[in-house]
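Everything on this sheet refers to the single structure shown next.
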Amino acid sequence: MSTNYSSEMSIQPMYRDHLFIAIFGKDDERSKRWRLELYNALNDSNYSDPDALELNTLENVIFIKMHNDVSFLIDSQMTLYEHQSSPNPNMPLRGLLYFAQLYQKYISREKNSLISETLRKIPNPNFVVFYNGKALRPDQYDLHLSDAFICEDKSGNFEWTAHVININEKQNLSLQKKCKPLYDYIRFISRINHKKEEDKMTAEAAVREAVDWAIKQNLLEGYIKEQKEEIIGMLLEEYDEQACIRTWQEDGFIKGQQQKAVESAKNLLRMKVLTPKQISEGIDLPLEQVLELQKEIEVAG
């Protein structure tokens with residue numbers, strides 16, 4: 001569906017998410033093929049029929065800016081793909097809420113009653129989060145719903161897991177080789193980041209240069225050329241939000257939050273109860289930073 005990106009449009013901050021949906025989450029023949037290629041790459045499968053994936057995406061299910069990206073049924077498995085351009089420890093809870101609605105839709109369609117002595121079978125859940133933010137993260141890691149429980153619960157009786165896959169430029173290279181549309185998407189986003197951060201281009205110049213470069217490279221089979229103006233509009237809207245973030249940084253808000261996280265990490269390291277990895281995941285600091293803090297503490301003695 002085409003969108004009009006006029007100057008009066010409200011801010012669309014998650015441009016990477018929108019582009020990800022446009023590539024993998026539409027119901028046209030090309031997107032179906034790309035979606036199947038991504039699924040095969042992730043699962044080491046070799047399905048050849050794009051229609052074997054039944055798209056059942058739910059949009060705007062909780063809040064306007066909180067919607068699942070790509071969900072489909074295949075092999076009795078219900079798969080949900082989300083995309084995040086910043087770390088989000090709340091993904092397991094979001095996934096639980098999304099899947100509740102997906103299962104409700106499935107049960108209604110199958111006309112299954114839950115008031116029965118017969119066990120109603122449902123597809124297995126598979127929740128994958130694609131991450132390409134600036135904060136350092138491992139190639140792959142899991143987030144657990146139990147981490148959000150007010151009281152610690154190690155029973156495993158009530159768990160929900162989000163499997164996070166890092167799709168930054170130098171992460172998960174084997175996966176990129178298996179899925180050309182994902183590889184093209186990563187190259188395109190990385191080009192914008194390099195032009196902005198290393199070549200010091202303005203946001204608009206970086207976006208336009210990357211779009212022209214992607215067209216010459218024929219990334220995504222000409223999709224970027226076909227949707228050039230729409231994609232530029234999506235990308236440029238992102239920087240309105242970044243301007244807001246810079247203002248918060250100048251006011252010390254984000255810096256204050258980061259400093260609080262650092263102090264919490266130091267206290268936990270001194271207690272020697274949790275591993276650096278557990279601390280990293282629990283307070284949302286890169287593992288490399290936690291390890292550096294550990295070294296500082298050990299040197300200070």
So do [Y] and [X] actually touch side chain to side chain, heavy atoms under 4.5 Å?
X: Leu173; Y: Tyr183; result: no
X: Ile297; Y: Arg270; result: yes
X: His194; Y: Asp199; result: no
X: Leu235; Y: Val211; result: yes
X: Met78; Y: Leu102; result: yes
X: Val70; Y: Leu55; result: yes
X: Ile107; Y: Leu114; result: yes

Can a salt bridge be assigned to the pair [X] and [Y] using a cut-off of 4.0 Å between side-chain N and carboxylate O?
X: Asp212; Y: Lys216; answer: no
X: Glu159; Y: Lys154; answer: no
X: Lys266; Y: Glu292; answer: no
X: Glu29; Y: Lys32; answer: yes
X: Glu221; Y: Arg30; answer: no
X: Arg33; Y: Glu37; answer: no

Group every Ile, Leu, Val, Met, Phe, Trp and Tyr by side-chain heavy-atom contacts under 4.5 Å, then state whether [X] and [Y] land in the same group.
X: Leu93; Y: Met91; answer: yes
X: Ile232; Y: Ile224; answer: yes
X: Trp213; Y: Ile231; answer: yes
X: Leu143; Y: Phe158; answer: yes
X: Ile215; Y: Ile186; answer: yes

Taking everything shown except Lys225 itself, do over 12 heavy atoms lie less than 6.0 Å from its NZ?
no

Donor-acceptor check, side chain of [X] to backbone of [Y], threshold 3.5 angstrom: yes or no?
X: Ser31; Y: Asp27; value: no
X: Asn168; Y: Lys170; value: no
X: Glu169; Y: Arg191; value: no
X: Asn88; Y: Gln84; value: no
X: Arg35; Y: Phe24; value: yes
X: Ser280; Y: Pro276; value: no
X: Lys200; Y: Glu197; value: yes
X: Asn172; Y: Asp139; value: yes

Between Asp28 and Trp34, does the side-chain contact (heavy atoms from CB on, under 4.5 Å) criterion hold? Intermediate values first, please.
CA-CA 10 Å; Asp28 58 61; Trp34 289 343; over 6 Å; no

Taking all non-hydrogen atoms of both residues, which atom of [X] and which atom of [Y] are closest, and how far apart?
X: Asn166; Y: Pro138; answer: CB-O, 3.2 Å
X: Ile192; Y: Ala210; answer: CG1-CB, 3.4 Å
X: Leu42; Y: Tyr81; answer: CD1-OH, 3.2 Å
X: Tyr106; Y: Ile122; answer: CE2-CA, 4.2 Å
X: His163; Y: Asp142; answer: ND1-OD1, 2.6 Å
X: Asp153; Y: Ser146; answer: O-CB, 4.1 Å

From [X] atom [atom1] to [Y] atom [atom2], the distance as rounded to the nearest 0.5 Å:
X: Ile74; Y: Leu53; atom1: CD1; atom2: CG; result: 4.0 Å
X: Tyr223; Y: Asn218; atom1: OH; atom2: CG; result: 14.5 Å
X: Asn124; Y: Leu73; atom1: CG; atom2: CG; result: 11.0 Å
X: Glu298; Y: Leu269; atom1: CD; atom2: CG; result: 9.0 Å
X: Leu236; Y: Thr202; atom1: CG; atom2: OG1; result: 9.0 Å
X: Leu19; Y: Gln227; atom1: CG; atom2: CD; result: 10.5 Å

Evaluate ring-ring contact (aromatic ring centres under 6.0 Å, His included) for Phe99 paired with Trp160, printing each intermediate quantity in order.
CA-CA 10 Å; Phe99 272 90; Trp160 192 269; 5.2 Å; yes

Tyr185 vs His83, ring-ring contact (aromatic ring centres under 6.0 Å, His included): CA-CA, chis, key distance, verdict
CA-CA 12 Å; Tyr185 167 77; His83 183 288; 5.8 Å; yes

Apply salt bridge (Lys or Arg N to Asp or Glu O under 4.0 Å) to Glu54 and Arg109, showing your working.
CA-CA 13 Å; Glu54 178 185 348; Arg109 187 185 64 183; 2.3 Å; yes

Determine, stepwise, if the pair Gln77 / Thr79 fulfils side chain to side chain donor-acceptor pair (under 3.5 Å).
CA-CA 6 Å; Gln77 182 184 84; Thr79 295; 2.9 Å; yes

Please work out which of the three classes, parallel, tilted or perpendicular, describes the rings of Phe72 and Tyr39, given edges at 30° and 60°.
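The rings of Tyr39 and Phe72 stand perpendicular, inter-plane angle above 60°.
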
Run the side-chain contact (heavy atoms from CB on, under 4.5 Å) test on Val128 and Leu80 for me, step by step, so that the C-alpha distance in whole Å, both residues' side-chain angles and the decisive distance to 0.1 Å come before the verdict.
CA-CA 6 Å; Val128 179; Leu80 174 64; over 6 Å; no

Verdict with reasoning, Leu145 to Thr161, per side-chain contact (heavy atoms from CB on, under 4.5 Å):
CA-CA 6 Å; Leu145 181 66; Thr161 302; over 6 Å; no

Whether the Gln171 and Tyr131 side chains hold a donor-acceptor pair (N or O, under 3.5 Å, no angle test) is what I'd like checked.
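Short answer, no.
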
Report yes or no: do Ser45 and Asn40 form a side-chain donor-acceptor pair below 3.5 Å?
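There is such a pair (donor and acceptor under 3.5 Å, judged by atom type) between the side chains of Ser45 and Asn40.
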
Would you check, one step at a time, whether the test side-chain contact (heavy atoms from CB on, under 4.5 Å) holds for Gln289 with Leu136?
CA-CA 9 Å; Gln289 187 174 358; Leu136 295 177; over 6 Å; no

